[in-house]
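Note that ligands are numbered from 1 as they come in the structure, with each ligand's atoms numbered from 1 the same way. Counting from 1, the numbers follow the sequence of the chain as shown. Any value given below was found using the heavy atoms of this structure, including those in side chains, with hydrogens, waters and symmetry copies removed.
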Amino acid sequence: MNIDQLIEEAKIARDRAYVPYSKFKVGAALLAVDGTVFHGCNIENAAYSMCNCAERTALFKAYSDGVTEFKMLAVVADTDRPVSPCGACRQVISELCSKEMPVVLTNLNGDTQQLTVEQLLPGAFSSEDLHE
Ligand SMILES: O=c1ccn([C@H]2C[C@H](O)[C@@H](CO)O2)c(=O)[nH]1
Ligand SMILES: [Zn+2]
């Protein structure tokens, strides 16, 4: 599974987005070290704050299936620039993925930006900050 293939998987995930309120579809594809690809889409709710982003959907699906080691995450939306994950997702990605893992951000025009998890949220608050 290369980067282009993972982006295609993210587009498949995006097609399943449940977005009756924003109409803004986002897809994510999370490649695990064992080669499994977890799809994630955004899932909205009439109680708006319950909306879940595509990135967190993919990560939570993997974790809840017992898969916790990842190689790469791709995210796609119909944006002018490569889609920018929200702050909440950056925080969750920082917690659950290695600092060095590549995150591929893209849009439907094929504009692509590749960042590491550390670059996505430099200086993220982490478990190391929690000394009791
Ligand atoms: O990277 C992003 C940015 C936004 N959204 C979702 C949240 C909401 O459903 C919609 C509009 O913010 O897009 C994602 O899933 N991922
Ligand atoms: Zn988000």
Hey, is CG on D80 packed in by over 12 heavy atoms from elsewhere, all under 6.0 Å?
-> no
Around atom 7 (C) of ligand 1, find the nearest protein heavy atom and jot down its residue, atom name and distance.
-> C53 SG, 3.9 Å
Distance from atom 15 (O) of ligand 1 to nearest protein heavy atom, with residue and atom = A54 N, 2.9 Å
Check: N107/T79 side-chain N/O donor and acceptor closer than 3.5 Å | no
Which residue and heavy atom of the protein sit nearest atom 6 (C) of ligand 1, plus the separation = N42 ND2, 3.3 Å
Under 4.5 Å between side-chain heavy atoms, hopping through other hydrophobics if needed: is there a path connecting V104 to L59?
-> no
Atom 16 (N) of ligand 1: the protein heavy-atom neighbour that sits closest, reported with distance to 0.1 Å = E55 OE1, 2.9 Å
Taking distance alone, with no angle check, do S22 and ligand 1 share an N/O pair under 3.5 Å?
-> no
Does some side-chain heavy atom of L73 sit less than 4.5 Å from a side-chain heavy atom of M101?
-> yes
Take every heavy atom of C41, measure it against each atom of ligand 1, and state whether any distance is under 4.0 Å.
-> no
Measure the shortest side-chain to side-chain distance between T68 and Y63 over non-hydrogen atoms and say whether it is less than 4.5 angstrom.
-> yes
Protein N, O or S atoms at less than 2.8 Å from the Zn ion (ligand 2), how many?
-> 3
In ligand 1, the atoms that come under 4.0 Å of a heavy atom of E44 are 8 (C), 9 (O), 10 (C)
Heavy atom of protein inside 4.0 Å of atom 12 (O) of ligand 1, strictly below | no
Nearest protein heavy atom with distance in Å, relative to atom 3 (C) of ligand 1 | S84 O, 4.2 Å
Are I3 and M72 side-chain neighbours, meaning at least one heavy-atom pair lies under 4.5 Å?
-> yes
Indicate whether any N or O donor in one side chain lies under 3.5 Å from an N or O acceptor in the other, for E44 and S22.
-> yes
With a 4.0 Å cut-off on heavy atoms, is C89 touching ligand 1?
-> no
Geometric N/O contact N52 with ligand 1, under 3.5 angstrom = no
Only one of K25, R14, R16 passes side chain to side chain contact (heavy atoms under 4.5 Å, CB included) with C41, and that residue is R16
Indicate yes or no: at least one non-hydrogen side-chain atom of V67 is less than 4.5 angstrom from one of F38.
-> yes
State whether the shortest distance between N or O atoms of C51 and N or O atoms of ligand 1 falls below 3.5 angstrom.
-> no
Please write down residue, atom name and distance for the protein heavy atom closest to atom 5 (N) of ligand 1.
-> V26 CG2, 3.7 Å
Spell out, yes or no, whether L6 and L115 are grouped together once hydrophobic residues are joined by side-chain heavy atoms under 4.5 Å, including indirect joins.
-> no
Distance filter under 4.0 Å to P85 heavy atoms, resulting ligand 1 atoms | 1 (O)
Any chance you could lay out the side chain to side chain donor-acceptor pair (under 3.5 Å) test for R90 and S84, step after step, and finish with the verdict?
-> CA-CA 9 Å; R90 289 173 194 244; S84 177; 2.7 Å; yes
Can you find a pair of side-chain heavy atoms, one from C86 and one from C53, that are under 4.5 Å apart?
-> yes
